[in-house]
Amino acid sequence: MKAPSSAGEHRLTLQEVIDALIAAGMVPREEALRFRQERRYYRGQTHPLVVIAEQRWKSPEPPHRLLDLNALTEWLAQWAGLPYYHIDPLKVNLSAVTEVMSSAYATRFRILPVEVRASEVVIATAEPFLRSWEAELKPILNKEIRLVVANPEDIARYQVEFYSMAKSIKGALKRGDIASTGIANFEQLVEMGKAKANIDANDQHVVLIVDWLWQYAFEQRASDIHIEPRRDMGVVRFRIDGVLHQVYQIPMPVLNAMTSRIKILGRMDVVEKRRPQDGRIKTRQPNGEEVELRLSTLPTAFGEKLVMRIFDPEVLVRDLAELGFSPEDAERWQGMTAKPNGILLVTGPTGSGKTTTLYSTLKQLATPEVNVCTLEDPIEMIEPAFNQVQVVPEIGMDFATGIRALMRQDPDIIMVGEIRDIETAEMAIQAALTGHLVLSTLHTNDAPTAITRLLDLGVPPYLLQSTVVGVMAQRLVRTLCPHCKQPTPLDAEDEALWHGLVSPWKAKKPSQLHRPIGCLECRMTGYLGRLGLYEIMPMSSELKALIHAHTDLAALRERAMKLGMQPLRIAGARKVAAGLTTIEEVLKVAPPLQEGAPSFQ
């Protein structure tokens, strides 16, 4: 059935859409005819595609795709002869698109501007046969209009959200009586600092912007929200699966009011802007689940930068397999954590998942028969299963002092946030020698380097030999979206990449690799979530024998690998061969392999 090009201007009707779907062989004929008869008098305001999507029909043709709203919208675009468009709010310039037309005009015709370019405006519609508005709008905009078809529910939702956000920003500026002009120099910055007091942090517009920002971040699976002052405009960015995405540009006076609002909620000193501060806030996701945000401010040239780290409430109930541990890795790690005393170290750069691994491990170890205490700076997540202590260096409560105090609290397991100096290292070793299991972190590239790092700090070799149970290095890689990843055979370029990944190890080449494609589930990135790569080095008697004042790191690493330690790149190669990630992702995070490694199959 062809699109009704000669039917004139009209809104889609339910009967018209069902007839077209039947003619295209898209729906089960008998069910569709029966449904058409039942709804023959339907004149509701709900878009016909939304009504049909609720039936959960499957296409009669293989692979019998579920006809959800996105599938039906793709079909509508094809039927109308227009491109299909997925609205990604992360890529929409909010201030530009909301200037194209009023909210009432967009709602009336079920349209929404989504891109504004130099010579054209891209407008999404859910009514491809209602186009009289084009003739009205084109001379006003003085630009070409490119029409695309988008999900009617997305259009309805973002009509509300985009215009509400824009209205709140304008309302806050108006309330503060400040023009959204840029800042050219530090003198203007000072003047802006004086003027911004006119915008109240508790103004209803600012409250709405902050609440909306949080809910949007939760929905986008963000792990961090960055609110950053710039010379001309403030910038809001989200970190999603380890990658930063710019979300919005916000006028500086509004950004400053947002920062003040968040500092008030985090019980921070709103007046103090010259030194860094920490705080935390508890709020709720749209589904009602409680979420904790850890706040950190930093004074910059153009004002206070604020980062909010979002802690997933499910992070502590994950088992090791969900974190990315292979069965062999999990067995080794659990074997080390089962020791009654000694030191266990987790190494890796900031953002490599060390805290998640330690918390998940402690959650499993924290039975009613065991006293688990942590010493952190700052406390990452509040967990009732163990006793958590905040380090406060300003009052003399540092890591070493905290460990000394914890030793008098009859602990079984102690978690020290980080070993940074010789005094902390000595106290951790003292705790291990007196019968406690100590878990801590170090910032080193791989597991063997943790030993030489402690030696460099000044820890005597004999103490390391008697206390260190094992070391684990880790990294996080983005995982391929299971909904859209595509298997492909290896070509010459892939073979070269694979060789570069595993060399000098002899690793069996996989028969195929998987590529990121991009779909609505992963927001067109091709990746969904992250998992860990682990390099676990249990301290055997052979390895302890190699620890002395002038330990040869290369010899230690080679012996560890011969005893079964799997380097990070080989752990990544296994994930690539299993179709979980890509070679490029592993190469980004895992350090190169060293010469003299045994073969890996």
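Any value given below was found using the heavy atoms of this structure, including those in side chains, with hydrogens, waters and symmetry copies removed.
Residues meeting the side chain to side chain contact (heavy atoms under 4.5 Å, CB included) test with Ser95, sequence neighbours left out: Asn93. Residues satisfying the side chain to side chain contact (heavy atoms under 4.5 Å, CB included) test with Glu134, not counting sequence neighbours, are Arg131, Ile145, Leu147. Remark: Glu115 pairs with Arg117 by the salt bridge (Lys or Arg N to Asp or Glu O under 4.0 Å) rule, at least two apart or across chains. Partners of Trp75 according to the ring pair (Phe, Tyr, Trp, His ring centres under 6.0 Å) rule, which considers only residues two or more places apart in sequence or in another chain, are Trp79. Residues satisfying the side chain to side chain contact (heavy atoms under 4.5 Å, CB included) test with Lys58, not counting sequence neighbours, are Leu66. Partners of Tyr163 by ring pair (Phe, Tyr, Trp, His ring centres under 6.0 Å), not counting sequence neighbours: none found. Residues that satisfy the side-chain hydrogen bond (donor to acceptor under 3.5 Å, both in side chains) test with Ser168, not counting sequence neighbours, are absent from this structure. Tyr216 is linked by a ring pair (Phe, Tyr, Trp, His ring centres under 6.0 Å) to Trp212, Phe238, counting only residues two or more places apart in sequence or in another chain. Under the side-chain hydrogen bond (donor to acceptor under 3.5 Å, both in side chains) criterion, Arg239 pairs with no residue, sequence neighbours left out. For the side-chain hydrogen bond (donor to acceptor under 3.5 Å, both in side chains) test, no residue two or more places apart in sequence or in another chain qualifies with Gln249. Applying the side-chain hydrogen bond (donor to acceptor under 3.5 Å, both in side chains) criterion to Thr283, with sequence neighbours excluded, gives no partner residue. Remark: Tyr85 pairs with no residue by the ring pair (Phe, Tyr, Trp, His ring centres under 6.0 Å) rule, at least two apart or across chains.
The backbone N or O of Ile536 sits nowhere less than 3.5 Å from a side-chain atom of Gln566 that would complete a donor-acceptor pair. Put simply, the side chain of His514 never gets that close to the backbone of Gln486: no donor and acceptor are under 3.5 Å apart. In this structure, the side chain of Glu61 does not engage the main chain of Met26 through any donor-acceptor pair within 3.5 Å. Between the side chain of Glu292 and the main chain of Arg280, no donor-acceptor pair closer than 3.5 Å is present. A donor-acceptor pair under 3.5 Å is absent between the side-chain atoms of Thr73 and the main chain of Ala150, judged by distance alone. Gln159 contributes a side-chain N or O that, together with a main-chain N or O of Ala106, makes up a donor-acceptor pair within less than 3.5 Å. With Glu585 contributing its side chain and Thr479 its backbone, the two residues share no donor-acceptor pair below 3.5 Å. At distances below 3.5 Å, at least one donor-acceptor pair connects side-chain atoms of His47 with backbone N or O atoms of Ala126. Here the side chain of Gln215 pairs a donor or acceptor atom with the backbone of Arg284 at under 3.5 angstrom.
Counting only heavy atoms from C-beta outward, the side chains of Arg475 and Pro349 approach each other to under 4.5 Å. Side-chain contact check for Asp494 versus Arg515: some heavy-atom pair is nearer than 4.5 Å. Side chains of Val116 and Lys143 form a contact here, defined as non-hydrogen atoms less than 4.5 Å apart. Taking 4.5 Å as the limit, every side-chain heavy atom of Val17 sits out of range of all side-chain heavy atoms of Leu76. Between Leu130 and Thr125 the shortest side-chain heavy-atom distance does not fall below 4.5 Å. Using a 4.5 Å cut-off on side-chain heavy atoms (C-beta onward), Trp333 and Thr337 make contact.
The pair Asp446-Arg569 does not meet the salt-bridge criterion, since no charged nitrogen lies less than 4.0 angstrom from a carboxylate oxygen. Of the charged side-chain nitrogens involved, none lies within less than 4.0 Å of a carboxylate oxygen, so that Arg34 and Glu31 do not count as a salt-bridged pair. The existence of a salt bridge linking Glu161 and Arg157 is confirmed by a sub-4.0 Å separation between a basic side-chain nitrogen and an acidic carboxylate oxygen.
To the nearest 0.5 Å, the span separating CD1 on Ile225 from CG on Leu306 amounts to 9.0 Å. Atoms CG and CG, from Asp68 and Leu49 in turn, are 11.0 Å apart once rounded to the nearest 0.5 Å. One finds the CZ atom of Arg146 at 11.0 Å from the CD1 atom of Ile123 (value rounded to the nearest 0.5 Å). Going from atom CG of Leu480 over to atom CG of Leu580 covers 8.0 Å, rounded to the nearest 0.5 Å. We find the NZ-OG1 distance between Lys485 and Thr582 to be 11.5 Å, quoted to the nearest 0.5 Å.
Nearest heavy-atom pair, Gly532 versus Lys575, reported as atom, atom and distance to 0.1 Å: O-CE, 3.8 Å. Smallest separation of non-hydrogen atoms from Cys519 and His483: SG-CB, 3.9 Å. Considering all non-hydrogen atoms of both residues, Thr361 and Thr357 come closest at OG1-O, 2.7 Å. Closest approach of Gly529 to Arg221, counting heavy atoms only: N-NH1, 3.7 Å.
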Inset, instruction - Give the intermediate values and the outcome of side chain to side chain donor-acceptor pair (under 3.5 Å) for residues His245 and Gln220. - result: CA-CA 11 Å; His245 300 266; Gln220 297 292 320; over 6 Å; no
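Shown here is Glu38, whose CD atom has more than 12 heavy atoms of other residues, nucleotides or ligands within 6.0 Å.
Glu328 and Ser326 share a side-chain donor-acceptor pair at under 3.5 Å.
Here the two rings, on Phe35 and Trp57, have centers that are under 6.0 Å apart.
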